[in-house]
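Numbers restart at 1 for each chain; the letters A, B, ... are given by sequence-line order, proteins then strands. FYI, side chains are in, hydrogens and waters are out, and symmetry mates aren't considered; it's all heavy atoms of this structure.
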2 protein chains.
Amino acid sequence: MDDERTWSIAELADEYGVTLRTIRFYEEQGLLTPARDGTRRIFADGDRVRLGLVLRGKRLGFPLDEIKKIIGMYDAEPGEVGQLRYLLDQIEHRRAELEQRRRDIDATLSDLAELERRCRADLNRLTG
Amino acid sequence: MDDERTWSIAELADEYGVTLRTIRFYEEQGLLTPARDGTRRIFADGDRVRLGLVLRGKRLGFPLDEIKKIIGMYDAEPGEVGQLRYLLDQIEHRRAELEQRRRDIDATLSDLAELERRCRADLNRLTG
DNA sequence: CCCGTACTTGACGTTTACGTTAACGTAAGT
DNA sequence: ACTTACGTTAACGTAAACGTCAAGTACGGG
């Protein structure tokens, strides 16, 4: 099986539910670097994965330049020891950030659960 | 003990690490409604809590008008049955959103963990 | 050859969430 | 009386993340 399949910009946009403009903008920002056939963009599987990562980052509320850094970490060359230590440091930083977010989410979910309880109680009182 | 203590805009800004402008802007947007002593803003405990909720929403990447709606749900009057059903519906919607976010976070954390493993392996190879 | 469809690159418009002066009021300290 | 600290409103500026034209290119079908 060849996984040499490629996609047009419209196919990718359609698949991920974004506009063409969005994808072009991501390329302009260096988040995607599709190949070219003349002037046309050709997206390989790696590009699809990257787009998925970008959108996941967006759902998490990260700004695009942050997302760029994070994705950049994934495909950094092994490089020298200093680089590796720096990268590990960054990883730790991101992890802390994400764990803070998860705490915020859990707190909000718990607030919502409490709110729902009150709602259901009120509803029971009124319709019960 | 009276919990009648109040705060100035500067105290609140300082406590939460935001600027005065930010707080005034939140008021302008209807996210906060502090009392007044003449023209001066007087923040009660409820206002502090609300500011905390706003900032939590921000950390989660919600836009301010979304945050306004969510917070609005907390202090909605019990109201009529239709309102309650609508509110329960909204709660469900927010919950789904937050749970998607948590999945995104977990996926990212797992990516980071894998990346860290590879980093440590490389580091061992180089310094080992 | 013309048409429709898909693609391209500008370039300007828009919204959000504040930052940044500007110009002023008020109350306390010296 | 003067300064300093803290507050006010009004208004313009800005960066991010696209949306929205405008104008042109490339290609297969009829």
Could you check which residues of residues 47-69 of chain A get a heavy atom under 4.0 Å from DNA chain C? Sort them by number, please. none

How sharply is the helix from C/dC1-D/dG30 to C/dT30-D/dA1 bent, taking the axes over five pairs at either end and rounding to 10 degrees? 10°

Non-hydrogen atoms of A/Leu84 and B/Leu126 that approach each other most closely: CD1-CD1, 3.8 Å

For the residue pair B/Ile67 and B/Val54, what are the closest heavy atoms and their distance? CD1-O, 3.6 Å

What pairs with B/Glu11 under salt bridge (Lys or Arg N to Asp or Glu O under 4.0 Å), at least two apart in sequence or on another chain? B/Arg5

Could you tell me from which nucleotide to which nucleotide of DNA chain C, 5' to 3', there is an atom under 4.0 Å from chain A heavy atoms? C/dA6 to C/dA11

Going by salt bridge (Lys or Arg N to Asp or Glu O under 4.0 Å), name the residues that satisfy it together with A/Glu80, two or more places apart in sequence or in a different chain. none

Mind calculating the distance between CG (A/Leu20) and P (D/dC18) to the nearest angstrom? 14 Å

Within the 4.5 Å heavy-atom criterion, are B/Thr22 and B/Thr19 side-chain neighbours or not? yes

Quick test of your reading: applying salt bridge (Lys or Arg N to Asp or Glu O under 4.0 Å), list the pairs with at least one residue in residues 48-59 of chain B, sequence neighbours left out, ordered by first then second residue. A/Asp104-B/Arg59, A/Asp111-B/Arg56, B/Glu15-B/Arg48, B/Asp45-B/Arg48, B/Arg50-B/Asp75

Min side-chain heavy-atom separation B/Pro34-B/Ile42 under 4.5 Å: no

Between residues 9-17 of chain A and DNA chain C, which residues have a heavy-atom gap below 4.0 Å? A/Ile9, A/Ala10

Considering non-hydrogen atoms only, spot the tightest contact between B/Cys119 and A/Leu88 and give its length. CB-CD2, 3.6 Å

With side chains defined as the heavy atoms from C-beta onward, is the minimum distance between B/Tyr26 and B/Leu64 less than 4.5 Å? yes

If you draw a 6.0 Å radius around OH in A/Tyr86, do more than 12 non-hydrogen atoms from other residues or ligands fall strictly inside? no

Could you go step by step and tell me if A/Glu28 and A/Arg24 meet the salt bridge (Lys or Arg N to Asp or Glu O under 4.0 Å) rule? CA-CA 6 Å; A/Glu28 198 179 321; A/Arg24 293 191 188 113; over 6 Å; no

Any heavy-atom pair between the side chains of A/Tyr74 and B/Leu112 that's under 4.5 Å? yes

Applying salt bridge (Lys or Arg N to Asp or Glu O under 4.0 Å), can you list everything that pairs with A/Arg102, at least two apart in sequence or on another chain? B/Asp106

A/Thr19 side-chain N/O to D/dG19 phosphate OP1/OP2 under 4.0 Å: yes

Scan for side chain to side chain donor-acceptor pair (under 3.5 Å) pairs involving residues 29-39 of chain B, sequence neighbours excluded, and state none if there are none. B/Glu27-B/Arg36

Would you check if B/Phe43 and B/Ile23 make a side-chain contact, meaning some heavy-atom pair closer than 4.5 Å? yes

Which residues in residues 24-38 of chain B have a heavy atom closer than 4.0 Å to any atom of DNA chain C? B/Phe25, B/Tyr26

Set of residues satisfying salt bridge (Lys or Arg N to Asp or Glu O under 4.0 Å) with respect to B/Arg103, sequence neighbours excluded: none

Can you check nucleotides 20-27 of chain D for protein contacts, nitrogen or oxygen pairs under 3.5 Å, and list what you find?
residue: D/dT20; atom: O4; partner: A/Arg21; partner atom: NE; Å: 3.0

I'd like to know if A/Arg125 pairs up with A/Asp122 as an ion pair, taking the criterion as any Lys NZ or Arg NE/NH1/NH2 lying under 4.0 Å from an Asp or Glu carboxylate oxygen. yes

